[in-house]
Amino acid sequence: TITYSSLIDGLVKANEMNEAIAIFTQMEESGCTPDTISYNSMIAGLLKAKEVNKTLVILTQMEKSGCSLDTITYNTLIDGLSKANHVKKALVVLTQMEKRGCTPDTVTYSSLIDGLLKANEVKKALVILSQMEKRGCTPNIFTYSSLIDVLLKAKEVNEALSILTQMEKKGCTPDMIVYNSLIDGLFKANEVNKALHILTQMERRGCTPDKVTYTSVIDGLLKANQVDKALALLTEMDKKGCFPDTITYTSLITGLLNANEVNKALVIMTQMEKRGMLPL
RNA sequence: GUGGUUAGUGG
């Protein structure tokens, strides 16, 4: 059973859902009984492929087979349903899990809050957040990160920064993902100086920018018409062994073209191809 | 015997 589950999980992560289904069937035919973990992987995979109906079928099968649903099962459902554009169903799952005596944990609440925020249900997200705290479940870096990211994307700069202060006051130290969200969001909200300030702060605190950080900064600088500074950062990241990927290059080329820097864009395209990447 | 499953960031 463990061998089959590992195989299924690998296929799910490689987005080979049809293969995973085939292995699952083969597993049953060979007399191996899927356990909770096997079902959890299948559910995660089916929802990633937005196969809501197939998910409900397998969920029924899981219950009929006497296999117990655990917190991870419900968490997987909540996250997967939210990402398949069914946040309302995710809310129902939360009610169901509690009714069935399964205690929601930080993952449950963070997934749901993230899903609600991304579906523009900010008020509901805040309701769930307060419900979470009332239940003695402490928001963690994932919870705060979603809040900061979505608030900034909605250009709610002050709200996002106040969440940042709040999380730090609670002893939750921002990590690279939080910094990346802040930098990207601030640039997109036209807060170029604030974004650059966060970049400095991040480095001062010993958090090394990665290619996501650099791509956001480069993209932001180009949109602010700071072409030279953007190109200098490309050189800097390369020198630090942080190699640009297709997204970095695409963003550079698009930005340079929008800034009417056609020749510079061509130079970058050549460099990109020399490194074995194709412009999309 | 911490063996397999779930949440946050860039074009």
Q: Walking along RNA chain B from 5' to 3', note the first and the last nucleotide with an atom under 4.0 Å from a heavy atom of chain A, and give both.
A: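 Span of nucleotides near chain A: B/G3 to B/G11.
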Q: Have a look at A/T250 and say if it touches a base, only the backbone sugar-phosphate, or nothing, with a 4.0 Å heavy-atom cut-off.
A: base
Q: Taking salt bridge (charged side-chain N to carboxylate O under 4.0 Å, His left out) as the test, write out the residues that go with A/E19, two or more places apart.
A: none
Q: Among residues at least two apart in sequence or on other chains, which ones pass salt bridge (charged side-chain N to carboxylate O under 4.0 Å, His left out) with A/K89?
A: none
Q: Going by atom type alone, with no hydrogens or angles, which donor-acceptor pairs under 3.5 Å involve a side-chain atom of residues 223-231 of chain A and a protein atom two or more places apart or on another chain?
A:
from	atom 1	to	atom 2	distance (Å)
A/K223	NZ	A/D219	OD1	3.1
A/K223	NZ	A/D219	OD2	2.9

Q: Using a cut-off of 4.0 Å on non-hydrogen atoms, how would the nucleic acid contact of A/V178 be classed: base, sugar-phosphate, or nothing?
A: base
Q: NA contact type, A/S145, heavy-atom cut-off 4.0 Å: base, sugar-phosphate, or nothing?
A: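 Base, at least one base heavy atom under 4.0 Å.
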Q: Kindly write out the residues that satisfy salt bridge (charged side-chain N to carboxylate O under 4.0 Å, His left out) with A/R204, not counting sequence neighbours, or none if the list is empty.
A: none
Q: Looking across every strand, which nucleic acid part, if any, lies under 4.0 Å from A/S5 by heavy atom: base, sugar-phosphate, or nothing?
A: base
Q: What nucleic acid atoms does A/K118 come within less than 4.0 Å of, heavy atoms only: base, sugar-phosphate, or nothing?
A: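 Touches sugar-phosphate only.
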Q: Considering only distance and modelled atom types, tabulate donor-acceptor pairs under 3.5 Å from the side chains of residues 44-52 of chain A, sequence neighbours left out.
A:
from	atom 1	to	atom 2	distance (Å)
A/K48	NZ	A/V12	O	3.1
A/K48	NZ	A/N15	OD1	3.3
A/K50	NZ	A/K83	O	2.9

Q: Enumerate donor-acceptor pairs with a distance under 3.5 Å from any side-chain N or O in residues 256-274 of chain A to protein atoms, sequence neighbours excluded.
A:
from	atom 1	to	atom 2	distance (Å)
A/N258	ND2	A/T254	O	3.3
A/T270	OG1	A/L266	O	2.8
A/Q271	OE1	A/Y249	OH	2.7

Q: Checking ring-ring contact (aromatic ring centres under 6.0 Å, His included) for the pair A/Y39/A/F24: CA distance, chi angles, key distance, verdict?
A: CA-CA 9 Å; A/Y39 279 108; A/F24 186 78; 5.6 Å; yes
Q: With sugar-phosphate meaning primed atoms plus P, OP1 and OP2, does A/I43 contact a base, only sugar-phosphate, or nothing at under 4.0 Å between heavy atoms?
A: nothing
Q: Please list, in numerical order, the residues of residues 56-77 of chain A that have a heavy atom closer than 4.0 Å to any atom of RNA chain B.
A: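 Within residues 56-77 of chain A, the residues near RNA chain B are A/I72, A/N75, A/T76.
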Q: Please enumerate all residues that pass ring-ring contact (aromatic ring centres under 6.0 Å, His included) together with A/Y74, with sequence neighbours excluded.
A: none
Q: Which atom pairs, donor and acceptor, lie under 3.5 Å between side-chain atoms of residues 103-117 of chain A and protein residues at least two apart or in another chain?
A:
from	atom 1	to	atom 2	distance (Å)
A/D105	OD1	A/N75	ND2	3.2
A/D105	OD1	A/V107	N	3.1
A/D105	OD1	A/T108	N	2.9
A/D105	OD1	A/T108	OG1	2.8
A/T108	OG1	A/N75	OD1	2.5
A/T108	OG1	A/D105	N	2.9
A/T108	OG1	A/D105	O	3.4
A/S110	OG	A/T106	O	2.8
A/S110	OG	A/T143	OG1	2.9
A/S111	OG	A/V107	O	2.7
A/D114	OD1	A/K118	NZ	2.9
A/D114	OD1	A/S146	OG	2.9
A/D114	OD2	A/K118	NZ	3.2

Q: Compare all side-chain heavy atoms of A/L182 with those of A/M202 and state whether any distance is below 4.5 angstrom.
A: no
Q: Going by salt bridge (charged side-chain N to carboxylate O under 4.0 Å, His left out), name the residues that satisfy it together with A/D70, two or more places apart in sequence or in a different chain.
A: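 With neighbours one apart ignored, the set is empty.
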Q: How is A/T1 classified with respect to the nucleic acid when contacts are heavy atoms under 4.0 Å: base, sugar-phosphate, or nothing?
A: base
Q: By a strict heavy-atom criterion of less than 4.0 Å, which residues belonging to residues 78-89 of chain A are in contact with RNA chain B?
A: A/D79, A/K83
Q: Base, sugar-phosphate or nothing for A/D210? Non-hydrogen atoms, less than 4.0 Å.
A: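 Nothing, no heavy atom under 4.0 Å.
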